[in-house]
2 protein chains.
Amino acid sequence: MTVRLKDIASYLNISVSTVSRVINNRDRVDEDTRRRVLEALDKFQYRPNEVARSLKSKSTKAIGLIVPGISNYFFSMVIKGVEAVARQQGYCLMLCNSDEDKEREGDYTDFLLQRQISGLVIGIVGREAGFLERYKHAGIPVVFIDNLPDVEDNVDYVVIDNVKASRELTNHLIRVGHSKLGIITGPLDESVSDERLKGWQKALAENNIPVNKKWIGTGEFKQESGYRIMQGMLKQEELPTAILAANNLLAYGAMHAIMEAGLKIPEDIAVVCFDAIDFIGLIKPQITSVIQPAEQIGTIAGEIIMRKIQNTKTKVVEKITLEPVLEIKESCGIRLVKSGGAGS
Amino acid sequence: MTVRLKDIASYLNISVSTVSRVINNRDRVDEDTRRRVLEALDKFQYRPNEVARSLKSKSTKAIGLIVPGISNYFFSMVIKGVEAVARQQGYCLMLCNSDEDKEREGDYTDFLLQRQISGLVIGIVGREAGFLERYKHAGIPVVFIDNLPDVEDNVDYVVIDNVKASRELTNHLIRVGHSKLGIITGPLDESVSDERLKGWQKALAENNIPVNKKWIGTGEFKQESGYRIMQGMLKQEELPTAILAANNLLAYGAMHAIMEAGLKIPEDIAVVCFDAIDFIGLIKPQITSVIQPAEQIGTIAGEIIMRKIQNTKTKVVEKITLEPVLEIKESCGIRLVKSGGAGS
DNA sequence: GTGAAAGCGCTAACAT
DNA sequence: ATGTTAGCGCTTTCAC
């Protein structure tokens with residue numbers, strides 16, 4: 001059995017409240033008593049039971065984090081960011097993996113609510129966030145990351161400007177000479193996918209490039225999806241010369257299909273995407289992509305949730321849109337361009 | 001304010017115990033009352049407060065997981081495995097990142113203990129596990145992964161046979177013709193590093209290849225470490241023709257240094273390592289490495305911790321050693337061998 | 001400065 | 001079959 005407040009108190013023949021006082025540095029306590037208590041605390045290696053504290057204080061100091069895919073490096077970094085903030089503030093992180101499954105996500109939001117978490121950071125699947133109402137009712141703040149719910153009005157979030165990022169990425173392709181453009185994106189009921197498609201369309205429109213619907217593919221944000229979609233696209237008579245993949249996994253799958261078909265990247269088909277992190281440039285061809293500041297997204301989301309928890313009354317809504325970074329490498333085919341033409 | 005058991009009870013003019021009974025399906029409850037209670041529960045959207053339950057039952061149904069590096073893909077997969085088991089059993093996962101920092105690890109073990117977690121899965125830094133005694137005393141089971149503490153006798157763990165894995169990897173290098181062998185490993189006060197070094201030494205000894213101490217480098221399990229160590233090694237007059245890196249990050253760093261020096265992999269120096277996962281073989285040269293079944297390590301560790309929690313009295317110690325898989329690719333230089341010679 | 005006691009929301013004897 | 005009550009370990013009024 002582990003030692004409780006009561007044990008310390010009876011050992012010293014004083015009341016639990018006094019012991020509690022010195023532990024929490026509350027009120028005045030006689031210097032001598034304080035000393036004796038501290039000694040006893042140390043002697044018995046006393047550690048307050050956080051569950052009891054939570055019940056009493058009605059605060060678990062736990063923050064929930066639900067991501068759609070743990071194995072995606074992007075989310076690993078987000079997790080890292082949130083975790084760092086939590087630790088720093090004495091909060092713990094309850095990590096959940098919805099695995100792109102709406103139902104599992106629902107189970108988790110219920111589960112965490114019941115566990116009385118102090119705040120939730122979530123990258124939702126789809127566009128619905130039915131749990132929001134219950135969280136609001138329970139007074140638990142929620143911060144969205146990566147993908148936004150349809151009710152964007154009163155929610156806090158940390159995202160990047162996907163329309164802009166996608167548009168820039170596409171414009172880059174156009175600048176290096178591509179005009180037969182295709183895109184592979186995720187589920188269209190998600191804001192990320194939708195916005196990335198919009199940005200792409202915008203760039204095409206601005207450059208008077210017609211949209212070929214046959215070159216628009218949608219699936220899940222998974223490698224297999226990218227592979228299958230690209231395989232299908234490759235069966236067409238006319239092929240695009242450049243593909244924008246809405247995330248790294250889709251790009252990997254698409255590249256796999258392209259190479260398997262005996263085509264070269266970027267010579268035959270260029271491929272660019274989001275978040276193709278490459279530790280040392282070992283990947284060939286090096287992938288041109290838009291990099292989201294993943295860890296920073298996590299940190300900022302963590303900081304927002306902390307502010308919301310500390311000041312639960314606030315009506316301030318924090319909507320953060322970060323700038324992604326366009327990293328121009330090889331897979332876009334820039335080296336194939338004779339000269340100039342790619343000025344920023 | 002959220003609705004409590006008491007609210008439901010007074011709404012129905014019955015006692016809390018009856019309500020509690022139907023919630024937990026305990027004892028006999030009149031069919032009619034049960035129905036009325038269920039209706040009220042539904043009407044008020046009642047959800048039991050898990051903190052109160054935890055305090056009462058003295059079980060938080062939370063499992064702690066401390067990893068030394070969230071951003072390492074190996075640990076991402078371990079996390080995924082543990083998380084899956086936890087979810088399935090209604091447990092939550094408290095994830096912590098020690099970031100290879102012994103002190104932070106200590107803070108976390110204390111922190112989680114205080115939070116009354118039901119079990120701990122940990123990949124420790126170094127070889128000491130001072131917290132073990134306190135956990136044992138508190139009756140909280142611990143399962144080690146990846147790296148083992150010096151007190152191996154009574155602890156449960158899930159690892160791979162690092163000596164064997166490293167030996168096989170080295171033997172493979174020797175088979176394809178290398179005899180000037182170097183190694184870059186992690187901190188020698190960790191069993192992983194130590195065992196990987198031992199396996200390497202063993203292979204050399206078996207093949208009567210002398211150990212050149214100048215070709216043994218040790219550092220942290222980080223890319224930068226691999227980079228600096230390799231840079232140093234490259235300044236020597238005589239260079240090894242093959243390097244074994246004890247993890248993927250060390251390998252990436254080493255490869256970076258090698259290429260930066262204008263040398264080719266594997267022509268000038270071959271590099272092999274542990275856990276160089278490659279989604280679609282885009283990395284050039286493709287890295288020959290020993291792959292640990294990361295997700296499985298997580299699942300098994302999760303299952304063990306569950307068994308220990310369920311049956312806290314058991315004296316059965318579970319020591320699991322999994323088989324890693326040797327994946328032969330290009331970076332070992334196998335293609336440079338004229339013919340045969342590489343039979344398994 | 002210190003102690004007694006109520007209570008956080010729940011479960012489980014123990015009564016009835 | 002249902003209600004009463006005593007805690008789980010802690011914090012915090014409210015007396016003294």
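Reckoned from all heavy atoms, side chains included, excluding hydrogens, waters and symmetry mates. No experiment lies behind these values; they were computed from the predicted model shown.
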In whole angstrom, give the distance that lies between atom [atom1] of [X] and atom [atom2] of [N].
{"X": "A:Lys58", "N": "C:dG7", "atom1": "NZ", "atom2": "C1'", "value": "10 Å"}
{"X": "B:Lys6", "N": "D:dT5", "atom1": "NZ", "atom2": "P", "value": "14 Å"}
{"X": "A:Asn24", "N": "D:dT12", "atom1": "CG", "atom2": "C1'", "value": "10 Å"}
{"X": "B:Ile23", "N": "C:dA12", "atom1": "CD1", "atom2": "P", "value": "12 Å"}
{"X": "B:Leu5", "N": "C:dC8", "atom1": "CG", "atom2": "P", "value": "13 Å"}
{"X": "B:Arg26", "N": "C:dC10", "atom1": "CZ", "atom2": "P", "value": "15 Å"}

Open item on the list: Treating B:Asn24 as the side-chain partner and B:Arg21 as the backbone partner, does any N or O pair qualify as donor plus acceptor under 3.5 Å?
Closed with: no

Do other residues, nucleotides or ligands put more than 12 heavy atoms under 6.0 Å from the [atom1] atom of [X]?
{"X": "A:Lys319", "atom1": "NZ", "value": "yes"}
{"X": "A:Glu128", "atom1": "CD", "value": "no"}
{"X": "A:Lys6", "atom1": "NZ", "value": "no"}

Task: Side chains of A:Ser57 and A:Ser59, donor plus acceptor under 3.5 Å - done: no

Open item on the list: Regarding B:Ser76 and A:Ser76, do their side chains bring together a donor and an acceptor under 3.5 Å, going by distance alone?
Closed with: yes

Open item on the list: Among residues at least two apart in sequence or on other chains, which ones pass ring-ring contact (aromatic ring centres under 6.0 Å, His included) with A:Tyr135?
Closed with: A:Phe131

Open item on the list: Any carboxylate oxygen within less than 4.0 angstrom of a Lys/Arg side-chain nitrogen, looking at A:Glu39 and A:Arg35?
Closed with: yes

Open item on the list: Expected output is a numbered-order residue list: members of residues 40-56 of chain B with a heavy atom under 4.0 Å from any atom of DNA chain D. What is it?
Closed with: B:Leu55, B:Lys56

Task: Members of residues 107-119 of chain A that approach DNA chain D, where some heavy atom sits under 4.0 Å away - done: none

Measure the [atom1]-[atom2] distance between [X] and [Y] for me, rounded to the nearest 0.5 Å.
{"X": "A:Asp110", "Y": "B:Gln45", "atom1": "CG", "atom2": "CD", "value": "8.5 Å"}
{"X": "A:Glu318", "Y": "A:Ile305", "atom1": "CD", "atom2": "CD1", "value": "10.0 Å"}
{"X": "B:Ile145", "Y": "B:Ile300", "atom1": "CD1", "atom2": "CD1", "value": "12.0 Å"}
{"X": "B:Glu105", "Y": "B:Asn97", "atom1": "CD", "atom2": "CG", "value": "11.5 Å"}

Collect all protein-nucleotide pairs involving nucleotides 1-3 of chain C in which both atoms are nitrogen or oxygen and the distance is under 3.5 Å.
from: C:dT2; atom 1: OP1; to: A:Thr33; atom 2: OG1; distance (Å): 2.7
from: C:dT2; atom 1: OP2; to: A:Asp30; atom 2: N; distance (Å): 2.8
from: C:dT2; atom 1: OP2; to: A:Thr33; atom 2: OG1; distance (Å): 3.3
from: C:dG3; atom 1: OP2; to: A:Ser15; atom 2: N; distance (Å): 2.9
from: C:dG3; atom 1: OP2; to: A:Ser15; atom 2: OG; distance (Å): 3.1
from: C:dG3; atom 1: OP2; to: A:Thr18; atom 2: OG1; distance (Å): 2.8
from: C:dG3; atom 1: N7; to: A:Ser17; atom 2: OG; distance (Å): 3.3
from: C:dG3; atom 1: N7; to: A:Arg21; atom 2: NH1; distance (Å): 3.4
from: C:dG3; atom 1: O6; to: A:Arg21; atom 2: NH2; distance (Å): 2.4

Open item on the list: Quick test of your reading: applying ring pair (Phe, Tyr, Trp, His ring centres under 6.0 Å), list the pairs with at least one residue in residues 8-47 of chain B, sequence neighbours left out, ordered by first then second residue.
Closed with: B:Tyr11-B:Phe44

Task: Five-pair end axes of the helix from C:dG1-D:dC16 to C:dT16-D:dA1 and the angle they enclose, rounded to 10° - done: 50°

